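From a predicted model like this one, the values you see are computed outputs, not experimental measurements. FYI, side chains are in, hydrogens and waters are out, and symmetry mates aren't considered; it's all heavy atoms of this structure.
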Amino acid sequence: MASFEDIKKVGVIGAGTMGRGIVMNFVNAGYPVVWLDVNAEMLDKGLVEIANVYKRSVAQQRFDEAEAQARVQRISTTQQYADLADMDLVVEAVYENMDLKKTIFAELDKAVKPSAILATNTSYLDIDEIASATQRPAQVLGLHFFSPAHIMKLLEVVRGKATAQDVLDACLAVGKKIGKEAVLAGNCHGFIGNRMLSMYSRQSREVVLEGATPWQVDQALQGFGMAMGPYRMYDVVGVDLGWRSRQLAGLGRGEPIVWLDNRLCEMERFGQKSGHGFYRYEPGSRQAIHDPETDMMAREVAEEAGYTQRDVADEEIVQRCILALVNEGARILDEGFAESAEDIDRVYRFGYGFPAERGGPMAYADSLGLDVVLQQIRELEERQGEFWKPAAGLVKRAEAGGKFIG
């Protein structure tokens, strides 16, 4: 039986940005961590960067120098799987590639003691397929941290079809100990948060093809209370991520909603990291500056895709982006991939900057009245088709005068 008390030693695989943040979560909470990467240089660089984060915390008087030293000393690094043999929990955080992850899990399964729990930090990939590379599928699950992992509060604890209940309980408790809002999610593409986000993103792009500008979309959603508009978020994450994966998959240009991204990437405007994406950035600054050239390119792309542009009101932008979240959240509940509407709201408040005073997408839908929400979604379905087919659970609750919460 896995129990929370049994988890004393933690291994982390991958010395990229996510791996680094995950290591800090555990050492900050007092866990000793063995950090593995096949590239020794990456590990050295990672240690320097962690030490720098702690240096800044000391300068801000969050804790003293002795505490900073103690945290760094809890980390040991290795390039050998054998050094993870007596870990109780290992978290893999390499990039999103199924073959690579399966290779790592097969290695871990051989190297790490049989009672250990093996977790993947994937955002999208199938937990069951990753678990199939091991002899211990009951002890495999997803621990999906959000970037930057040492700051963001959300942790999706993802259940595979074979994951044992005691393993889930132990990891939910560990999540709490490392200061996270841990939410149990089912194993579907994108789990809870990213599955809903893909619908919100699609609407944020559709409205631009129809006549809004990226700048207007962000202003409208930030006005609603979102911590960051979608286009600022694409710049922070990197506009090139989707573009590169489309190239690797040989998908060519993709559908019109990504043509503007493609154009930016062809101009090497990859977002914040390159100083220019949908927005401009001054050297060394993260302040997004409105770029009228982006608006002009958005219009050209829409024209090329055959759209007749019109004035899109801020209210319509907010309505479509937020109702896309609500409808997909309702579907996730229908399919049993979230335990409750409250859990969906926690995911959105703590992982995606949804305004706390509105409670979350599902509580917000309740506050509008589900009959009103359903009517608006049906009108959108009439105008825009299949995307807006209302979720069965939404229809049922609206017609019964019910709510998602309570």
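Within the structure, the ring-ring contact (aromatic ring centres under 6.0 Å, His included) test picks out the following pairs touching residues 20-52 (sequence neighbours left out): F26-Y31.
You'll find the side chain of V94 stays beyond 4.5 Å of the side chain of N121, heavy atoms only. Counting heavy atoms from C-beta on, the side chains of E67 and V58 never come closer than 4.5 Å.
One finds the NE2 atom of H189 at 11.0 Å from the CG atom of N187 (value rounded to the nearest 0.5 Å). Between atom CD of residue E381 and atom CG of residue L374 there is a gap of 9.5 Å, rounded to the nearest 0.5 Å.
Taking the six-membered ring for Trp, F146 and Y352 have ring centres closer than 6.0 Å. Outside the 6.0 Å centre-distance limit, the rings of Y200 and F354 are not counted as a close aromatic pair.
Taking Q376 as the reference, Q319 meet the side chain to side chain donor-acceptor pair (under 3.5 Å) condition, with sequence neighbours excluded. For T294, the side chain to side chain donor-acceptor pair (under 3.5 Å) criterion is met by R269, not counting sequence neighbours.
Salt bridge status for E181 with K153: absent, with no side-chain N to carboxylate O gap under 4.0 Å. A salt bridge does not link R331 to E335: none of the charged nitrogens lies less than 4.0 Å from a carboxylate oxygen. Using a cutoff of 4.0 Å between basic side-chain nitrogens and carboxylate oxygens, D334 and K396 are not scored as salt-bridged. Between D240 and K273 there is a salt bridge, since a side-chain N of the basic residue sits under 4.0 Å from a carboxylate O of the acidic one.
Screening E315, E210, E379 against R320 for a salt bridge (charged side-chain N to carboxylate O under 4.0 Å, His left out) leaves a single residue, E210. Screening E107, E96, E129 for a salt bridge (charged side-chain N to carboxylate O under 4.0 Å, His left out) involving K101 leaves a single residue, E96.
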Worksheet item: Given E382 and R378, is the salt bridge (charged side-chain N to carboxylate O under 4.0 Å, His left out) satisfied, shown in steps?
Response: CA-CA 6 Å; E382 223 162 88; R378 284 196 162 136; over 6 Å; no

